[in-house]
Amino acid sequence: MTFINCYSQTSKEYLKNAKAKEALQDYKGAIIEYNKAIKLNPKDTLAYYKRGLAKLSLKDNKSAIEDLSKVIELNPKHSMAYYYRGVLKSNTKDFTGAILDFDKSIEINPSSAMDYYCRGASKIALGKNGCSDLKKAAVLGYEDKALIKKYCK
């Protein structure tokens with residue numbers, strides 16, 4: 001007798017499972033589900049993006065950067081992939097790389113206060129003037145003005 005598997009999960013079902021695991025802060029479990037979704041659909045930008053964010057939550061910066069880079073390769077207009085990759089690069093002290101990612105994210109979405117704030121902070125970390133970016137972030141609604149008070153006269 002031959003066994004036939006009549007049930008096979010779809011990529012969307014794996015994404016749903018991953019979302020449920022993330023809600024429980026089970027990021028390792030979510031990554032397993034994203035891996036399954038990606039195996040079924042290797043061009044699924046959402047799966048790469050969400051897996052990258054799960055890896056960010058686990059502080060697996062290098063691997064998260066790889067996932068976000070894959071998102072950008074598949075969809076060069078994905079501003080949030082640039083933003084989070086910039087955050088990760090900033091976390092790993094690659095401030096020059098972070099600024100380039102924030103530049104690209106701002107080019108795609110010029111109303112993102114967080115991109116301006118993070119780009120300004122990265123410039124300051126490099127010893128450059130980031131005040132115009134910090135002030136733009138404040139104009140766009142970013143509430144934390146501590147860096148403006150500290151670095152901008």
Side-chain angles (χ1 to χ4, degrees), residues 9-128 130 132-148 150-151:
Q9 286 191 292
T10 65
S11 178
K12 286 183 181 183
E13 289 169 323
Y14 288 125
L15 291 174
K16 184 178 176 182
N17 294 344
K19 184 177 180 180
K21 289 182 183 291
E22 283 182 339
L24 298 171
Q25 296 183 345
D26 177 8
Y27 300 112
K28 289 180 182 179
I31 289 168
I32 291 168
E33 297 299 313
Y34 290 128
N35 291 342
K36 293 174 186 176
I38 289 167
K39 185 174 181 182
L40 289 178
N41 183 1
K43 294 187 178 193
D44 187 339
T45 56
L46 179 61
Y48 283 107
Y49 176 71
K50 297 292 281 178
R51 185 175 75 176
L53 296 184
K55 290 175 179 179
L56 178 133
S57 295
L58 294 173
K59 299 187 182 343
D60 183 0
N61 294 329
K62 182 179 182 226
S63 189
I65 288 171
E66 290 170 2
D67 279 349
L68 294 170
S69 294
K70 184 66 175 181
V71 172
I72 291 165
E73 175 189 319
L74 294 170
N75 179 5
K77 298 287 185 190
H78 197 296
S79 67
M80 291 305 294
Y82 285 104
Y83 168 75
Y84 280 111
R85 191 174 73 172
V87 167
L88 285 157
K89 287 180 179 178
S90 181
N91 288 350
T92 60
K93 309 289 188 236
D94 176 10
F95 297 113
T96 301
I99 290 167
L100 292 172
D101 280 342
F102 296 131
D103 286 346
K104 189 65 178 172
S105 184
I106 289 168
E107 178 185 314
I108 297 165
N109 181 13
S111 62
S112 171
M114 285 303 300
D115 283 306
Y116 284 100
Y117 184 82
C118 292
R119 185 173 72 177
S122 294
K123 287 177 181 178
I124 289 169
L126 286 175
K128 298 179 179 180
S132 63
D133 283 336
L134 297 177
K135 289 176 181 177
K136 177 74 173 183
V139 167
L140 291 171
Y142 190 71
E143 298 295 322
D144 184 0
K145 297 182 176 97
L147 286 182
I148 292 174
K150 185 172 181 177
Y151 293 102

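All values reported here derive from a predicted model rather than from experimental measurement.
- In this structure, CG in Asn61 is found 10.5 Å from NZ in Lys93, a value given to the nearest 0.5 Å.
- The CD1 atom of Ile124 lies 6.0 Å from the OH atom of Tyr151; values are rounded to the nearest 0.5 Å.
- With rounding to the nearest 0.5 Å, the separation of OH in Tyr84 from SG in Cys118 is 9.5 Å.
- Minimum interatomic distance between Ala81 and Val71 (heavy atoms only, all atoms of both residues): CB-CG1, 3.6 Å.
- The minimum heavy-atom distance between Ile38 and Ala47, with the atom names listed, is CG1-CB, 3.6 Å.
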Steps toward side chain to side chain contact (heavy atoms under 4.5 Å, CB included) verdict (Leu74, Ile72)
CA-CA 5 Å; Leu74 294 170; Ile72 291 165; over 6 Å; no

Only pairs under 3.5 Å count here: list side-chain donor-acceptor contacts from residues 49-56, not counting sequence neighbours, and write none if there are none.
from	atom 1	to	atom 2	distance (Å)
Arg51	NE	Asp67	OD1	3.3
Arg51	NE	Asp67	OD2	2.7
Arg51	NH1	Asn35	OD1	2.6
Arg51	NH2	Asp67	OD1	2.6
Lys55	NZ	Ser63	OG	2.8
Lys55	NZ	Asp67	OD2	3.0

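- For the pair Ser90 (side chain) and Gly86 (backbone), a donor-acceptor distance under 3.5 Å is absent.
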Which pairs of donor and acceptor atoms, one on a side chain in residues 97-105, lie under 3.5 Å apart (sequence neighbours left out)?
from	atom 1	to	atom 2	distance (Å)
Asp101	OD1	Arg85	NE	3.3
Asp101	OD1	Arg85	NH2	2.7
Asp101	OD2	Arg85	NE	2.8
Asp101	OD2	Lys89	NZ	3.2
Asp103	OD1	Arg119	NH1	2.7
Lys104	NZ	Glu107	OE2	3.1
Ser105	OG	Ser79	O	3.1
Ser105	OG	Asp115	OD1	3.2
Ser105	OG	Asp115	OD2	2.9

Side chains of residues 20-30: which donor-acceptor pairs under 3.5 Å do they make with residues two or more places apart or in other chains?
from	atom 1	to	atom 2	distance (Å)
Glu22	OE1	Tyr34	OH	3.2
Glu22	OE2	Tyr34	OH	3.2
Asp26	OD1	Gly29	N	2.8

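- Distance check, rounded to the nearest 0.5 Å: OH of Tyr48 to CD of Glu73 gives 8.5 Å.
- Two residues are said to be in side-chain contact when any heavy atoms from C-beta on lie closer than 4.5 Å; Tyr117 and Leu147 meet this criterion.
- Between the CG atom of Asn91 and the NZ atom of Lys59 there is a distance of 8.0 Å, given to the nearest 0.5 Å.
- No side-chain heavy atom of Leu15 sits under 4.5 Å from any side-chain heavy atom of Asn17.
- The minimum heavy-atom distance linking Leu68 with Leu88 is given by the pair CD1-CD1, 3.5 Å.
- When all heavy atoms are compared, the tightest approach of Ile148 to Ala138 is CD1-CB, 3.9 Å.
- In this structure, Ser11 OG and Lys16 NZ are separated by 14.0 Å, a value rounded to the nearest 0.5 Å.
- Across Pro76 and Ile108, no two heavy atoms sit closer than the pair O-CD1, 3.6 Å.
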